[in-house]
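Shown next, in structure tokens, is the structure this report addresses.
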Amino acid sequence: MRRIFPSFLVLILLAACASPSPDNVKTTFQTSQGWRPTLDNRADAVMVYGVGGNPGSAQGGSLEERLASWRARGYETHFMTGIAWGNYKDYFTGEWDGRQHLDEGQVNAAGDTLWHGPMVPYIVPTENYLRYFKERHIKRVIDAGVDHIFLEEPEFWQAAGYSESFKREWTAFYGTPWRPQEASPEAAYLTAKLKYHLYYRALDQAFTYAKEYGRSLGRDVRCYVPTHSLINYTQWQIVSPEASLASLPCVDGYIAQVWTGTSRVPNRYGGVYRERVFETAFLEYGCMVSMTAPTGRRIWLLTDPIEDRPRDWEDFRRNYQATFTAQLLYPQVDSYEIMPWPERIYERLYPVSPGSDAKSRIPADYASMMQVMTHALQQMPAAPARPSRVSVLMANSLMFQRDSSLSGFFGLALPLLKRGCPVGITHLENLGYERALEGVDALLMTYSNMKPLDPAAHSHLASWVRNGGNLVYCATDTDPFQRVEEWWNSGENAFAAPSDHLFGLLGLPAGVAEGQYPVGRGSLTVLRQDPSDFVLADGGEKPLLEAVERCIGPLETGNALVLERGPYRIVAVMDESPVDTPFVAEGCLIDLYDPALPVYTRREVPPGSQALFYDVARSGKAPRILAAASRAYEEKRSRRGFSYLCKGPADTYNVTRILLPSAPSAITVAGQPVGASVVADDASGTVARWDPSSCTLFLRFPNSPDGVPVTIGW
């Protein structure tokens with residue numbers, strides 16, 4: 001995921017030790033570096049990046065040395081690299097097979113190669129490139145003892161498609177001479193469809209090889225795709241296989257690459273064009289979760305405490321909190337990539353505040369808060385998926401029509417989400433799975449910004465409607481992509497629009513007029529409006545909301561999404577909603593977004609903000625660590641005491657709140673007594689505060705990757 005160019009060397013530790021079972025990996029992260037104290041965030045696993053590292057960064061050792069350095073610290077070691085770009089200079093310069101392959105970069109209409117970095121082009125994945133990739137990279141990784149391979153970001157830019165290598169692929173795929181995509185909507189559609197196919201083929205071949213080679217060694221190699229959401233790729237005008245990969249037998253799952261940089265892309269609602277980071281992140285995670293939910297494939301959800309573009313620490317923190325909250329609202333997922341590139345998070349300099357010229361490394365309180373989040377994710381329980389009675393249909397072909405504003409999609413989703421309805425997402429490509437529409441009462445769809453790639457999806461939709469589903473179709477069916485040469489208007493079919501084929505299966509005429517029609521035990525509602533109308537003007541969503549209510553009854557009017565996962569209470573309160581009141585949380589609650597870990601009995605969460613609380617009343621039996629900016633090992637409990645060893649990154653502070661059966665009589669940190677007073681603050685930077693109302697002890701002291709022993713008596 002994304003570029004990084006640090007320039008420091010690392011000390012490599014070559015010893016090996018036991019690491020967690022891959023089946024127990026809840027938390028992971030990616031880095032091109034070998035282990036060093038400032039990067040030791042104590043996740044379960046690390047995805048070591050690139051056989052040759054990450055382009056432009058000093059790696060501090062070979063792949064094998066970097067893997068060994070993390071194993072020596074107890075990490076499960078996995079491997080990640082890019083499939084569309086990477087440190088593959090030996091291929092492009094001819095070192096691999098004796099001839100240069102710079103003509104296999106993605107090229108735009110001006111004849112310029114699209115570069116990810118110096119000598120790192122975005123790639124047209126030819127068969128020859130795939131042979132190189134398997135031989136030089138996949139094989140070496142498996143030989144190095146790695147059984148989990150993550151090939152990220154299968155990306156083909158919409159602006160590309162003009163290289164000689166792409167033209168050759170066009171002729172081989174379509175059997176016709178290449179056409180420039182600007183020639184017609186059909187040429188643009190076919191260009192995107194080919195780009196989609198090329199990376200579908202690339203991942204299929206790379207992962208199939210990985211599994212077959214692993215089996216030849218008696219090992220089970222697992223293969224995953226870290227990828228942006230379909231929402232983001234459409235907004236950023238990138239084509240990728242997305243949901244179709246979930247059906248490949250060689251793909252075991254995904255990482256949902258959602259972070260501030262993807263979620264801050266502005267969109268329209270109520271006629272206002274602006275960033276809506278929480279709402280966009282919620283829909284992005286939903287888009288990714290729905291790709292795997294019907295298939296049973298595994299998924300990790302990513303957040304990033306910073307982002308690619310330079311911002312200030314205040315901006316980073318505010319938006320990290322928004323995206324972090326959004327991911328927690330999908331309780332069926334309890335696996336997370338806690339951060340990408342810790343080397344830039346912990347060690348780079350960024351502005352200290354908006355407009356400031358002063359720069360600093362990550363502020364101490366933000367680092368502590370971020371590590372409290374890591375601890376929370378390691379403890380976060382899974383729960384049944386929250387019901388989404390209303391869902392929006394999406395398809396990979398959104399990327400083919402170049403609707404970068406995505407107002408058609410947001411027009412269906414935001415009016416419901418802004419009212420506190422946890423609107424779901426369903427992928428057209430997954431409709432063949434029995435669970436694809438499980439729990440959905442009303443499905444919203446349009447073909448104004450996407451098209452079905454085959455007719456099978458319509459059979460599944462028609463069956464679902466006849467068995468009691470309510471389909472709301474919103475489109476004028478007049479966009480030029482309705483007329484591209486595809487299955488609905490070729491061969492035995494002569495439909496003017498793909499929706500006419502669906503209407504026919506529902507027993508209705510082509511071009512059916514606006515209205516609601518009973519179909520079996522369900523219904524079809526047709527709105528002859530483009531769904532972008534629902535967000536382009538204030539109040540424009542009224543026809544959509546009325547149509548949904550005719551299908552499923554009155555919608556709740558609120559502005560908050562609230563979810564409990566074990567002792568954790570997740571709250572997101574939206575602005576621009578029918579009500580403009582704060583959400584009031586009550587109980588004995590630890591505020592996890594505050595690195596002081598304060599305890600409240602009542603807390604207001606205003607519109608436009610989020611909160612994450614730990615409910616002490618649901619914490620279980622004392623003594624117990626409730627929240628911490630470290631990871632605890634060797635926990636020991638007795639009738640009169642509690643001890644443990646905690647580990648965290650160097651140059652950061654650990655903050656911890658611990659439930660105790662009674663007030664402490666003795667506290668020792670790193671072998672030094674802290675004192676048993678109600679408030680203690682010693683010269684070493686150690687803070688101890690006892691809160692009798694919650695029976696919790698707050699501790700703050702410097703972290704160490706080698707471990708800090710803590711002993712508490714009462």
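If you read the sequence from its start, that first residue is 1, and numbering goes on from there.
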Heavy-atom closest contact (P455 atom, H501 atom, distance): CB-CE1, 3.8 Å
Report the residues that fulfil side chain to side chain contact (heavy atoms under 4.5 Å, CB included) with V120, sequence neighbours left out, ordered by chain and then residue number. P55, W85, H116
Counting the benzene-type ring for Trp, do F400 and F481 have ring centres under 6.0 Å apart? no
Only one of R344, R264, R309 passes salt bridge (Lys or Arg N to Asp or Glu O under 4.0 Å) with D304; say which it is. R344
Is the F324-Y320 ring centre distance short of 6.0 angstrom? yes
Before we go on, tell me: are the rings of F282 and Y330 under 6.0 Å apart, centre to centre? yes
Can you name the ring-ring contact (aromatic ring centres under 6.0 Å, His included) partners of H427, sequence neighbours left out? none
Are W341 and Y49 close enough that their ring centres sit under 6.0 Å apart? yes
Less than 6.0 angstrom separating the ring centers of W488 and Y447, yes or no? no
Do F133 and Y91 have ring centres separated by under 6.0 Å? no
Any chance the rings of H101 and Y129 have centres within less than 6.0 Å? no
Residues D479 and K451 bridged, charged N to O under 4.0 Å: yes
Could I get the full list of side chain to side chain donor-acceptor pair (under 3.5 Å) partners for T208, not counting sequence neighbours? D204
